[in-house]
A.B. asks: 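One structure follows; several queries about it will come next.
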Amino acid sequence: MSEGATHYHGVNTGLDKIRIAISTVLVTFSVVVVLALIATGNTQFARDIHPAAAGIILWVLIIWMSMVEGGQCSMVGLPPVDRELYRESHPITYKITGWGHKGDNLDRYLMGRQFMVIFINFTIGLCGAPIDASLPVLGLPQWIINIFLGSGIAMVLQNVIIGQLTSQVNASHCMLDYINTHFMTFTYWVAAGIEVTGVMHTSYLIRMMAYWAAGKPVESNEPTKTGAVLVFYWGRILFSVGILGFALAVTIDALYRGQTTIWAGVPNTVGLIAFLVLMCCVGLLEGMQIAFFTVSKLPKSERGDSSLALKTCDCLFRNSGKNLPGFMCGRQMTVTLCFFVIARVTTINVEIGVDDNIFGVSDWVQAMFNLGFMGALTTTILGSIAWQLVASSFPIAFLSNPVVYIFLQAALFLEATGICSAAWLFAVIQRKAMGYQMDEVYVGTPEERAAKGYADDEEINQHLDVGTNMTAHAVGRHTITREYMDLVQESFANQRGKVMDNISELRGHIKLAETDAEKKIFEDALRLEIDALKSVNKRQSGSIRDLRASMGDDDVEADVEAGVPVKDLEADDDL
């Protein structure tokens with residue numbers, strides 16, 4: 001390791017590896033104990049539908065969550081990159097970004113996606129949260145059941161590590177490969193469809209108010225709305241405001257009637273206060289990520305003169321820049337735990353045909369209420385998006401809040417425990433299984449793209465207000481470390497291995513060819529594969545030269561010419 005270089009966060013020392021091992025054991029135990037709980041029928045979906053159905057729904061949603069979270073990293077990270085660079089190599093990604101990066105569609109996708117995340121978390125809670133945490137599970141001591149199931153820690157660990165952090169780790173470096181699947185096509189259109197319904201449009205009204213308060217114009221990539229388009233837009237805003245008010249009324253009424261899944265014995269007023277406090281906690285953490293990413297782009301001279309804001313920034317960017325991803329990890333755990341608790345407090349639990357329906361609605365409407373839509377909608381708008389928009393408009397003022405500094409320290413402490421470290425191991429497993437490659441393998445580094453006349457558009461994402469909880473920034477912007485270099489070289493090695501396999505297979509076909517015409521076809525194909533191999537080797541040589549130069553290594557040219565990183569260059573002579 002050269003002097004001054006920084007290690008890739010979380011996977012370097014022996015202590016890091018111990019944390020990964022412990023975290024892996026904890027998340028594995030959590031998965032087992034939650035499935036065992038579901039098998040006993042002691043969750044809402046297991047009781048009302050069937051234990052097997054509850055288990056299947058839970059894992060389908062966790063897998064879908066991984067695409068929702070990873071898809072966000074890719075959709076937010078790819079706009080600066082010219083789409084023509086990956087048109088041939090990633091046709092599905094090309095189509096998705098064609099839809100999602102047109103006009104204001106990325107804002108619309110992120111708005112719908114925010115509701116998806118919260119609703120998925122709420123539904124997972126219905127599948128796996130215990131109705132009665134005092135009942136036995138696997139013969140475990142009651143104190144273990146209380147810690148892992150009663151508190152929701154088991155649910156949080158499996159959802160955050162497997163469904164969120166693992167995907168974010170890979171999608172931050174392998175954006176092109178991650179969404180090059182129709183699973184992402186489906187996910188994109190579901191998020192876009194949610195936005196089109198208008199149920200989230202109150203968020204746009206809040207954004208206008210935040211921008212007006214900040215004295216800034218509302219930025220858009222589309223022409224000013226007029227005529228029927230403007231009427232339809234404001235009609236949906238009014239519809240959304242009405243839906244939000246109704247959702248709050250339904251939730252509060254259910255709380256005061258004791259018809260939610262809140263823990264037995266908790267007074268109704270305490271439940272309502274807990275709901276409001278937890279929404280504020282979620283909002284604060286959601287706003288913090290926006291404010292942190294906003295100030296990370298500002299020079300120190302523009303970070304204001306508030307001593308508390310400066311102290312927060314100093315803490316955030318200390319430790320070789322590792323505190324920012326550390327906060328994001330701890331924040332993810334805390335936010336998800338708050339989501340599960342809010343779901344437990346607010347999810348309506350009216351037994352249809354036995355209890356009186358809320359506000360006397362019909363049974364099918366009450367069945368919809370019981371799914372958690374009301375709590376999810378309220379939390380998305382008032383406990384998430386509204387705070388993000390305010391933090392985007394007033395980042396320095398937001399960081400001047402003393403509670404922000406306390407939450408930052410708490411998130412860093414939580415991450416430092418290593419409880420989420422298994423995400424690194426699972427990310428490696430996922431990357432190997434899916435064959436993900438680093439984005440630089442396909443489109444090069446930002447410098448290489450600029451040299452070819454495809455320079456990144458640095459300004460394209462400047463007006464985004466939500467959905468920026470990424471573990472890295474745009475494609476090619478990574479901390480240059482030995483571990484990162486190893487990942488890049490591993491990607492090239494995988495590509496080279498595939499080409500070499502093709503070459504070996506073609507040689508076999510040439511030997512077995514029965515006619516000259518058939519032999520010529522295979523020989524032409526072989527020449528193409530040889531050219532492909534040379535191209536891979538050439539790109540790797542250029543890549544390792546750029547990476548090592550960025551690290552300040554001496555004698556880079558000599559090392560590359562000597563073939564240090566490219567061990568198969570001599571294979572060209574044999575071919």
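Computed over heavy atoms, backbone and side chain alike; hydrogens, waters and symmetry mates excluded.
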A.B. asks: To the nearest 0.5 Å, what is the distance between CZ (Phe340) and CG (Leu126)?
C.D. replies: 10.0 Å

A.B. asks: Do Leu61 and Met65 come within less than 4.5 Å of each other through their side chains, counting heavy atoms only?
C.D. replies: no

A.B. asks: I'd like to know if the side chain of Arg83 reaches the main chain of Thr93, judged simply by a donor and an acceptor atom lying under 3.5 Å from each other, with no hydrogens or angles considered.
C.D. replies: no

A.B. asks: Which heavy-atom pair separates Ile38 from Gly55 by the least distance, and what is that distance?
C.D. replies: CG2-N, 3.9 Å

A.B. asks: Just wondering, do Lys95 and Thr185 contact through their side chains at under 4.5 Å, heavy atoms?
C.D. replies: no

A.B. asks: When you compare the side chain of Leu176 with that of Val81, does any pair of heavy atoms fall below 4.5 Å?
C.D. replies: no

A.B. asks: Would you find a donor on one side and an acceptor on the other, under 3.5 Å apart, between the side chain of Arg331 and the backbone of Ala411?
C.D. replies: no

A.B. asks: Between Phe398 and Val295, does a side chain to side chain contact (heavy atoms under 4.5 Å, CB included) hold up when you go through it step by step?
C.D. replies: CA-CA 11 Å; Phe398 198 91; Val295 299; over 6 Å; no

A.B. asks: Determine, stepwise, if the pair Gln158 / Leu58 fulfils side chain to side chain contact (heavy atoms under 4.5 Å, CB included).
C.D. replies: CA-CA 11 Å; Gln158 69 173 13; Leu58 181 140; 3.6 Å; yes

A.B. asks: I'd like to know if the side chain of Thr197 reaches the main chain of Ile194, judged simply by a donor and an acceptor atom lying under 3.5 Å from each other, with no hydrogens or angles considered.
C.D. replies: yes

A.B. asks: Tell me whether Thr379 contacts the main-chain N or O of Ala376 through its side chain, where contact means a donor paired with an acceptor under 3.5 Å.
C.D. replies: no

A.B. asks: Considering non-hydrogen atoms only, spot the tightest contact between Val27 and Leu157 and give its length.
C.D. replies: CG2-O, 3.7 Å

A.B. asks: Regarding Ser384 and Gln114, is there a side-chain donor-to-acceptor distance under 3.5 Å anywhere?
C.D. replies: yes

A.B. asks: Tell me the closest heavy-atom pair linking Ala154 and Val34, and the distance in Å.
C.D. replies: CB-CG2, 3.8 Å

A.B. asks: Do the rings of His90 and Tyr86 sit parallel, tilted or perpendicular, given the 30° and 60° boundaries?
C.D. replies: perpendicular

A.B. asks: Indicate yes or no for a side-chain donor-acceptor contact from Ser392 to the backbone of Gln388 under 3.5 Å, with no hydrogens or angles considered.
C.D. replies: no

A.B. asks: Centre of Tyr436's six-membered ring, under 6.0 Å away, within 45 degrees of the axis: is that where NZ or CZ of Arg431 sits?
C.D. replies: no

A.B. asks: Return the orientation label for the Trp189 and Trp99 ring planes: parallel under 30°, perpendicular over 60°, tilted otherwise.
C.D. replies: tilted

A.B. asks: Counting only heavy atoms from other residues, nucleotides and ligands, does the tally under 6.0 Å from CD of Glu88 exceed 12?
C.D. replies: no

A.B. asks: Less than 4.0 angstrom from a charged side-chain N to a carboxylate O is my criterion; do Arg113 and Glu195 meet it?
C.D. replies: no

A.B. asks: Out of Lys102, His101, Arg108, which one pairs with Asn105 under the side chain to side chain donor-acceptor pair (under 3.5 Å) rule?
C.D. replies: Arg108

A.B. asks: Could you check whether any side-chain N or O of Asn180 sits under 3.5 Å from a backbone N or O of Ile92, counting only pairs where one atom can act as donor and the other as acceptor?
C.D. replies: yes

A.B. asks: Provide the closest heavy-atom pair for Cys315 versus Gln409 in the form atom of the first, atom of the second, distance.
C.D. replies: SG-NE2, 3.1 Å

A.B. asks: Would you mind reporting whether Gln430 and Tyr178 have side-chain heavy atoms less than 4.5 Å apart?
C.D. replies: yes

A.B. asks: With side-chain contact (heavy atoms from CB on, under 4.5 Å) as the test, pick out the partner of Val160 among Ile419, Leu165, Leu337.
C.D. replies: Leu165

A.B. asks: Looking only at atom types and distance, does a side-chain atom of Thr166 sit under 3.5 Å from a main-chain N or O of Ile161, one as donor and one as acceptor?
C.D. replies: yes

A.B. asks: Is any side-chain heavy atom of Asp524 closer than 4.5 Å to a side-chain heavy atom of Leu528?
C.D. replies: no

A.B. asks: Heavy atoms only: give me the nearest Ser421-Ile20 pair and the separation to one decimal.
C.D. replies: O-CG1, 3.5 Å

A.B. asks: Within the 4.5 Å heavy-atom criterion, are Phe413 and Thr417 side-chain neighbours or not?
C.D. replies: yes

A.B. asks: Tell me, do Ile162 and Trp59 make a side-chain contact under 4.5 Å, heavy atoms counted?
C.D. replies: yes

A.B. asks: About how many Å separate CE of Met333 and CG of Leu285, when rounded to the nearest 0.5 Å?
C.D. replies: 12.5 Å

A.B. asks: Please name the pair of heavy atoms, one in Cys329 and one in Cys420, separated by the smallest distance, quoted to 0.1 Å.
C.D. replies: SG-CB, 3.5 Å

A.B. asks: Could you tell me whether a side-chain N or O of Ser167 sits under 3.5 Å from a main-chain N or O of Gln164, the two making a donor and an acceptor?
C.D. replies: yes

A.B. asks: Apply side chain to side chain contact (heavy atoms under 4.5 Å, CB included) to Met67 and Phe186, showing your working.
C.D. replies: CA-CA 10 Å; Met67 181 53 69; Phe186 171 75; over 6 Å; no

A.B. asks: Indicate yes or no: at least one non-hydrogen side-chain atom of Ile385 is less than 4.5 angstrom from one of Met111.
C.D. replies: yes

A.B. asks: When you measure from the side chain of Glu222 to the backbone N and O of Asp104, does any donor-acceptor pair fall under 3.5 Å?
C.D. replies: yes

A.B. asks: After noting the C-alpha distance and the side-chain angles of Phe292 and Met328, does the key distance pass the side chain to side chain contact (heavy atoms under 4.5 Å, CB included) rule?
C.D. replies: CA-CA 10 Å; Phe292 288 166; Met328 296 303 292; 5.9 Å; no

